[in-house]
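Just below is one structure, and these are the notes that go with it.
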Amino acid sequence: PFQNALQKHIGISFANFVKNAFSFYKEKWKENYIEPDAWLTEGNNKFKSDYKYPYLINDSSIIVLKRTYRDIPSLYKIDLKGNQEKIAVRNIGHDDYFSTNGAEVIYTSLRTNNRWGNEEFTDLNILNIQSKENKVIKTNLKLFSPDISKQSGNIIAVELNPNQQSNLVLLDNEGKVVRKID
């Protein structure tokens, strides 16, 4: 019905409409094309890698979450020459997002209740980039998208309540709730 209506009101076939649209946008994109900078990592024709949430840290390196179909998602440190160093394997979680303050990386991981299998919570994982030591803060909350302060080590995250309402939650570096903002 859509293709017939297009033919009726515009007067050209759907195939010609699509061909003309692609030609039009191809010309538009040529005008705004910018030559890409050099790639930081080498490509791989056998399998694809997905680098998520790049953060530039103090020593001109980048921290990323690297995901492939062959490997478990892991946090990597990539220098300007493209050398990759695996920092840690990322624990299982609902949310891929992580954040860093330059010295530590924070992300959430999934934890189920030992007794009640349907009850889930999130743990906060604070990973020291240099020592690769992982500190786990157990919470009885459902948290997403955490961020960590450079100075105080305080943590802010989004909490999702059972009634589908969300709050911003400020926690200290031990996981105690300091303040909730509705």
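The chain is numbered in sequence order, starting from 1. In this text the structure is predicted, and so the values were computed from the model without any measurement.
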Would a line drawn from the ring center of F144 to the ring center of Y97 be shorter than 6.0 Å?
-> no
Using the rule that Ile, Leu, Val, Met, Phe, Trp and Tyr join whenever any side-chain heavy atoms are under 4.5 Å apart, tell me whether [X] and [Y] fall into a single cluster.
X   : Y    : answer
F22 : F17  : yes
V18 : L6   : yes
I57 : L127 : yes
I92 : V136 : no

Atom [atom1] of [X] and atom [atom2] of [Y]: how far apart are they, to the nearest 0.5 Å?
X    : Y    : atom1 : atom2 : value
Y53  : S145 : OH    : OG    : 7.5 Å
S99  : I156 : OG    : CD1   : 11.0 Å
K81  : S61  : NZ    : OG    : 11.0 Å
Y107 : D147 : OH    : CG    : 15.5 Å
D79  : I62  : CG    : CD1   : 9.5 Å
S152 : D172 : OG    : CG    : 9.5 Å

Would you say the side-chain atoms of N20 pair up with the backbone N or O of N16, donor to acceptor, closer than 3.5 Å?
->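 Indeed, once roles are kept as given, a pair shorter than 3.5 Å links the two residues.
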Could you tell me whether a side-chain N or O of N128 sits under 3.5 Å from a main-chain N or O of S131, the two making a donor and an acceptor?
-> yes
Within the 4.5 Å heavy-atom criterion, are [X] and [Y] side-chain neighbours or not?
X    : Y    : result
E120 : L110 : yes
K66  : S74  : no
K77  : Q130 : yes
V105 : I63  : yes
L75  : V64  : no
T122 : T139 : yes

Provide the closest heavy-atom pair for T68 versus S49 in the form atom of the first, atom of the second, distance.
->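 Minimum heavy-atom contact is CG2-OG, 3.4 Å.
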Work out which heavy atom in A157 is nearest to a heavy atom in P146; give both atom names and the distance.
-> CB-CA, 3.9 Å
Starting from the C-alpha separation in whole Å, work towards a yes-or-no answer on side-chain contact (heavy atoms from CB on, under 4.5 Å) for R179 and I181.
-> CA-CA 7 Å; R179 185 172 174 202; I181 303 168; 4.1 Å; yes
Just grab all the salt bridge (Lys or Arg N to Asp or Glu O under 4.0 Å) pairs involving residues 83-96, residues at least two apart or on different chains.
->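 Pairs touching residues 83-96 that pass the test: K52-D96, R67-D96, E85-K132.
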How does the hydrophobic cluster around L143 look, that is, which other residues are in it when side-chain heavy atoms under 4.5 Å mark a link?
->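 L143 clusters with I106, L124, I126, I137, L141, I148, I155, V169, L171, V177.
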Can a donor-acceptor pair be found between the side chains of S109 and N125 at a distance below 3.5 Å?
-> yes
Flag the pair K135 and E174 as a salt bridge only when some basic side-chain nitrogen lies within less than 4.0 angstrom of an acidic carboxylate oxygen.
->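 Result for this pair is yes, salt bridge flagged.
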Which of these passes side chain to side chain donor-acceptor pair (under 3.5 Å) with E159: K180, K142, Q165?
->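 It is K180; the other options fail the test.
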Per the side chain to side chain contact (heavy atoms under 4.5 Å, CB included) rule, which among T100, L65, N101 passes with Y55?
->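 By the side chain to side chain contact (heavy atoms under 4.5 Å, CB included) criterion, Y55 pairs with just one of T100, L65, N101: T100.
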Would you find more than 12 non-hydrogen atoms of other residues, nucleotides or ligands less than 6.0 Å from L168 atom CG?
->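 Yes - once you tally the heavy atoms of other residues, nucleotides and ligands closer than 6.0 Å, there are more than 12.
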Given the rule in the side-chain contact (heavy atoms from CB on, under 4.5 Å) test, do N140 and R111 qualify, once you have shown the distances and angles that lead to the verdict?
-> CA-CA 9 Å; N140 289 328; R111 178 176 46 90; 3.7 Å; yes
Angle class for the F2/F14 ring planes (parallel below 30°, perpendicular above 60°, tilted otherwise)?
->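 Taking F14 first and then F2, their aromatic rings stand perpendicular (interplane angle over 60°).
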side-chain hydrogen bond (donor to acceptor under 3.5 Å, both in side chains) against Y51, all qualifying residues, sequence neighbours excluded =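 Applying side-chain hydrogen bond (donor to acceptor under 3.5 Å, both in side chains) to Y51 gives Q84.
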